[in-house]
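Working notes for the structure below.
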Amino acid sequence: MASMLARNGLRLRSGVLVLMALVSPAWTATPMLPMTGVAGCGNWTLVQDNVNSRGGPLGRMGAQATKFALPSGEQALLFFGGAEFSGKFSSDLWKYEPIRDAWSLMPANSDGPVGRIHHTMLRLTHPDVDSRIVMYAGQDFSGTILGDMWIFHPDTDSKPWQLVNYMGTVVAYEGPNGEILMGPVQPAARFGHSMVPTYRGSLLLFGGVNVRGQRTSELWEFALSWAQDD
């Protein structure tokens with residue numbers, strides 16, 4: 001590091017960064033800013049160095065998380081999916097409660113969503129209905145690009161996952177393997193997209209990679225009919 005600094009006209013001496021003017025070879029001592037406590041910055045804290053040893057999930061990539069409120073009013077986090085080191089695409093849904101610093105595996109129905117990566121998951125609220133967790137699309141273990149949408153009911157144990165049925169004008173659209181299907185207007189299957197809730201209780205979907213490998217710039221809005229999942 002010392003040689004790299006010297007090549008750029010810099011020298012580090014006793015915690016002081018020394019600058020050398022390249023026009024006239026004269027050194028000027030300039031005190032360095034402290035590395036912690038800088039205004040406008042934050043600090044990282046390692047909460048758990050091995051989550052699995054504490055009863056949580058195995059390490060993975062491509063999982064998604066969102067927060068939701070417990071009956072007590074405290075906030076918790078939900079994590080779904082991801083690819084483990086073994087290559088397995090997990091369909092587990094894990095809950096983490098920061099107040100208790102505790103993990104638990106959430107109940108799931110056998111006909112729930114398949115394991116996946118690079119999906120989106122978020123909490124969608126409605127003034128007249130309890131919050132729901134919405135998950136959309138992604139890619140499964142076989143490489144199939146998905147276009148399904150699921151709703152998770154945190155307060156239901158018997159069948160917490162429900163597949164959302166799309167409604168609307170029937171048209172021809174591209175299926176998950178590039179085939180032409182007939183159904184309501186909907187975006188093509190994708191992964192790596194972004195999705196956010198709106199103040200109206202709908203969803204905005206942007207971008208992603210579709211079945212042709214194209215990085216799409218489409219923007220879609222989905223209006224969820226809350227009555228259908230009650």
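Sequence positions, counted from 1, serve as the residue numbers for this chain.
In this structure, Gln139 contributes its side chain and Gly143 its backbone to a donor-acceptor pair below 3.5 Å. Between the side chain of Arg60 and the main chain of Gly81, a donor-acceptor pair closer than 3.5 Å is present. Within the 3.5 Å criterion, the main-chain N or O of Trp161 finds a donor-acceptor partner in the side chain of Asn109. The backbone N or O of Val47 lies less than 3.5 Å from no partner atom in the side chain of Thr45, so there is not a single donor-acceptor pair.
Note: Leu205 CG to Gln186 CD = 11.5 Å, rounded to the nearest 0.5 Å. One distance of note links CD1 of Ile99 with CD of Gln75; it measures 9.5 Å at 0.5 Å rounding. The line from CD1 of Ile133 to CE of Met106 is 9.0 Å long, rounded to the nearest 0.5 Å. Taking CE of Met121 as the start and CZ of Phe68 as the end, the distance is 10.0 Å to the nearest 0.5 Å. Note that NE2 of His118 is 15.5 Å distant from CZ of Arg190, once rounded to the nearest 0.5 Å. Interatomic distance, Met135 CE to Ile151 CD1, rounded to the nearest 0.5 Å: 11.0 Å.
Considering only heavy atoms from C-beta on, Val51 comes within 4.5 Å of Pro57 through its side chain. Leu78 places a side-chain heavy atom less than 4.5 Å from the side chain of Leu93. Counting heavy atoms from C-beta outward, Arg123 and Arg132 have side chains that stay 4.5 Å or more apart. Here the side chains of Ile145 and Arg116 are not in contact, with every heavy-atom distance at 4.5 Å or above.
Taking every heavy atom of both residues into account, Ala83 and Phe89 meet most closely at CB-CE1, 3.8 Å. Closest heavy-atom contact between Asp148 and Leu146: OD1-CB, 3.5 Å. Closest non-hydrogen pair, Gly115 versus Ser91, comes out as N-CB, 3.5 Å. The minimum heavy-atom distance linking Leu204 with Leu219 is given by the pair CD2-CD1, 4.4 Å. Nearest heavy atom pair, residue Phe222 against residue Ser202, reads O-CB, 3.2 Å. Closest heavy-atom contact between Tyr136 and Gly147: CE1-O, 3.5 Å.
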* Test log, rule ring-ring contact (aromatic ring centres under 6.0 Å, His included), inputs Trp150 and Phe80 -> CA-CA 12 Å; Trp150 293 84; Phe80 179 84; 9.2 Å; no

* Going through the checks in order, is the side-chain contact (heavy atoms from CB on, under 4.5 Å) test met by Tyr96 and Asp101? -> CA-CA 7 Å; Tyr96 175 68; Asp101 192 23; 2.6 Å; yes

* To do: Tell me, with the steps shown, if Gln214 and Val209 meet side-chain contact (heavy atoms from CB on, under 4.5 Å).
  => CA-CA 5 Å; Gln214 299 169 328; Val209 179; over 6 Å; no

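Residues Val114 and Ile117 fall into different hydrophobic clusters, defined by Ile, Leu, Val, Met, Phe, Trp and Tyr side chains chained together at heavy-atom separations under 4.5 Å. In this structure, Phe152 is not a member of the same hydrophobic cluster as Leu105, with clusters built from ILVMFWY side-chain heavy atoms closer than 4.5 Å.
Looking at Thr120, Asn210, Thr216 one by one, the single match for side chain to side chain donor-acceptor pair (under 3.5 Å) with His193 turns out to be Thr120.
A tilted orientation is assigned to the rings of Phe79 and Trp103, their planes being inclined by 30° to 60°.
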